[in-house]
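Working notes for the structure below.
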Amino acid sequence: MPTNLLSGLNPRQREAVETINGPVLIVAGPGSGKTRVITHRIAYLVETCGVSPYRILAMTFTNKAAREMKERAAALTRTRDDQLTISTFHAFCATVLRRDGERLGLDKNFAIYDQSDQTSLMKRAMIEVGLDVKQFKPANILSEISSAKSQLVGVEGYGLNKTSYFEEIVHRAYEKYEELLAAASAVDFDDLLFKTYTLFKQHPDVMERYRERYVHVMVDEFQDTNVVQYEIAKQLTGEYRNLCVVGDPDQSIYSWRNADIRNILSFQKDFSDAKVIALEQNYRSTETILEAAQGVIASNKHRVEKDLFTTNGKGVPIVVQEGYNEQEEAQFVVREIERLVRKGYSRADIAVMYRVNAQSRALEEACMRYGLPYQLVGSTRFYQRQEIKDLVCYLRLIVNHSDDVSFGRIVNVPTRGIGQRTVDELTRHARDHGVSLFDAIDGTAETADTPRIPAVPLPARSIKALQDFKALIEGLSEQNNELNLVEFIDEILKRTGYKDYIESEPERGEERWDNIAEFRNSARDYLDLGPDDALTAFLESVSLVSDTDNLGEKADAVTLITLHQAKGLEYPVVFMVGMEERMLPHSRSIESHDPADIEEERRLCYVGVTRAKEMLYLLRAFRRGFRGNSEPSMPSRFLADIPQELITKPGIGAPAKKPATRLNDWASPFKQTQRTGTLAERVVKSADATVIRRKRSEVRPAAASAGPTLKTGDKVRHKAFGEGMVTATKPSSGDTEVTVAFKDGLGIKRLLLSFAKLEKVE
DNA sequence: CTATTGCCGGTTTTT
DNA sequence: CCGGCAATAG
């Protein structure tokens, strides 16, 4: 409750919470309690200053961050969390556009196109303006357009400033792309922002409404905002000038997604009276880890110096280990994890991070081999899965018949005799008559507002197939009002034949059906709303939700995750693999010869290092496999920036040649990792997770009982068995169980420390 | 129209 | 080496 809102905060944090009037820039180092500050600031505004929660707006980048912030802020106040507006930029803008987008001529039921939708549309745009899809990759053109939109450059503006042939090409594609988007009543992600900006700019009365409502505006992860986002924040801030931005320039790793660190400079220029508050006390990591992180980041030229400190104590040294190749690297990681788990760590405490998704492969293989349960984060995103995407497209087309991209995707899924030829002809016909694909199908013509058009010049059987499809979608549209969302999804699955289509699939049918079941299940959250609203809200959440948002924290499994995705997370134990030149920093950023690119790689490394709370392992392979062949690699330059005294000598844990820790080979009681078809995605079924997480403080330090203090790697002598090496220690009911690999083929014995009289050998 | 083979291309991806 | 998609055969 509201008491003591300031009591648990350090002086800087307190200042950040109490400074509620005027512009504020909070530079928040990693683990400095940033979320705590924001949530307390919100609570302070509500409880102490009497600001209505209705007047507070906080913008984040991920839904997960928004959700957490909302929950925590609401918990600190008497506020119901739905009174606060805490949302992602994109979700907020989508809401604005649903409500007021009509002023820009935007249909209420506009679809939101993701990357793959955009690519389909761009291909079509390029074909229509006669551009060779081979010569200019749609993805490149799209990224150029995205960059333009992110910097408030619309088609017209882009057309005025062309200075190269490529820009000329892009401009042509851009124009057609915009035209097709409008025709489909669709917007892309960048449009959500750009159109909101434009709406506010062109319709000050609309902007004024939002301005009046939101007296206090906060922006999280400010270092990752792009220009439009910053501009929108400013638009909303208005006269009150109560804009509080929080970020860490050293953690800016999304410049390639048009994030613009210059926003921080702009902020200081635009609000020269801004109060700047630095949060430098780190509550997350050991001193060792924090120093290593500072060592890494210090070499960046362009940065705001921070003096991070912690009172967490030195902790254990950082382990730097080299494997011969990525298999050995992965093997080391997995064995070391097993050792840590035996010492009392929970698998959920451990994450393995890498630069590129391809690196997860060797790790997954090692995990499977050793029976180590793992959770791979987002290599194939849930909503990108074919079956989910198909279903979403059905829903989108039902809501918005103009949505040509959705139409194109599902018109023949399951196959209903509408092939490429037919679709091409229909497309041409639609374009010639200026209507959507859906409306170009002549026939039932229920669409009052579109003039009847001549029949598509196609064989009767093709026309019949198209008309049947159209009737199917129209029939479903009518049923939307009669059924609740879940029933409606079932109806779609049934009537479109999608259910049978999936079930008849021999290989992945079952898994795909499970995905659909999960999707259907998530629709249950929207049952309270009326059919129309439910569907719109559901589709919106589907478009704007990412995988990491639902990252399971409960699973008793090790997390495999990219460095980018790891931002904002923390783990007691972190392994960073691939600490090599050309991996981190990535070859692309080396070859670009742009120092800024290397600086971003360095920040990425810094992000990885600062995820670790207690232990950090940095791994590299001497040779790394690359597209079939393996090449020698050099240690990452970032390794050299970590002070030597923070690093242990290599060789900790189980040396690769020793068979002692092979106990679990193929024989794990956990059957939790399962291979699921060709997609590189494993699902952790954690139902049988029997390992109860113990309070770590009770367990560690591990060797606490009678007898000598032993740790892995120690040599010992036993009266009967002779000499051997400790491969594992594990606390067991007031004693310590030591696993020792004895020499001379005597094998591996597990001994209780208090019983077996083991002598430590130097 | 659908199924199969061959070829190109392969960082990161908060929304 | 592996996956996605485009040309080509069935």
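The figures here come from the full heavy-atom set of this structure, side chains too, leaving out hydrogens, waters and symmetry mates. Letters go in sequence order (proteins before strands), and every chain restarts at 1.
Residues A:Thr85 and A:Tyr214 have side chains that bring a donor and an acceptor to within less than 3.5 angstrom of each other. Between the side chains of A:Asn325 and A:Glu329, no donor N or O sits under 3.5 Å from an acceptor N or O. If you check the side chains of A:Asn300 and A:Tyr606, you find no donor sitting under 3.5 Å from an acceptor. Side-chain atoms of A:Gln223 and A:Asp248 include no donor-acceptor pair closer than 3.5 Å.
In this pair, A:His586 lays its aromatic ring flat on the base of B:dT11, centres within 5.5 Å and planes under 30 degrees apart. Centre separation under 5.5 Å together with a plane angle under 30° holds for the ring of A:Trp256 and the six-membered base ring of B:dT12, marking them as stacked.
Between A:Phe189 and A:Phe89, the ring center distance fails the sub-6.0 Å criterion. Taking the ring centroids of A:Tyr254 and A:His564, they lie under the 6.0 Å cut-off. Taking the six-membered ring for Trp and the full ring otherwise, A:Tyr501 and A:Tyr498 have centroids separated by under 6.0 Å.
Across all strands, A:Ile418 comes closer than 4.0 Å only to sugar-phosphate atoms, never to a base (heavy-atom distances). Across all strands shown, A:Asp114 has no heavy atoms under 4.0 Å from either base or sugar-phosphate atoms.
If you take CZ of A:Arg257 and P of B:dT14, they are 8 Å apart, rounded to a whole angstrom. Protein atom CZ of A:Arg603 is 20 Å distant from nucleotide atom P of B:dT11, rounded to whole Å. With rounding to whole Å, A:Arg361 atom CZ is found 14 Å from B:dG10 atom C1'. When rounded to the nearest whole Å, the span between CD1 of A:Ile127 and P of C:dC5 equals 14 Å.
Closest to the side chain of A:Lys137, from the set B:dT14, B:dG10, B:dT11, is B:dG10.
The side chain of A:Asn63 contributes no N or O atom lying less than 4.0 Å from OP1 or OP2 of B:dT14. Proximity of A:Thr88 to the phosphate of B:dT14: no side-chain N or O atom is located under 4.0 Å from OP1 or OP2. In this model, the phosphate group of B:dT14 is not approached by any side-chain N or O of A:Asn226 to a distance below 4.0 Å at OP1 or OP2. Within the 4.0 Å cut-off from OP1 or OP2 of B:dT11, at least one side-chain nitrogen or oxygen of A:Arg588 is found. In this structure, A:Gln420 does not reach the B:dC1 phosphate: none of its side-chain N or O atoms is under 4.0 Å from OP1 or OP2.
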Nucleotide N/O to protein N/O under 3.5 Å, stretch nucleotides 6-10 of chain C:
none

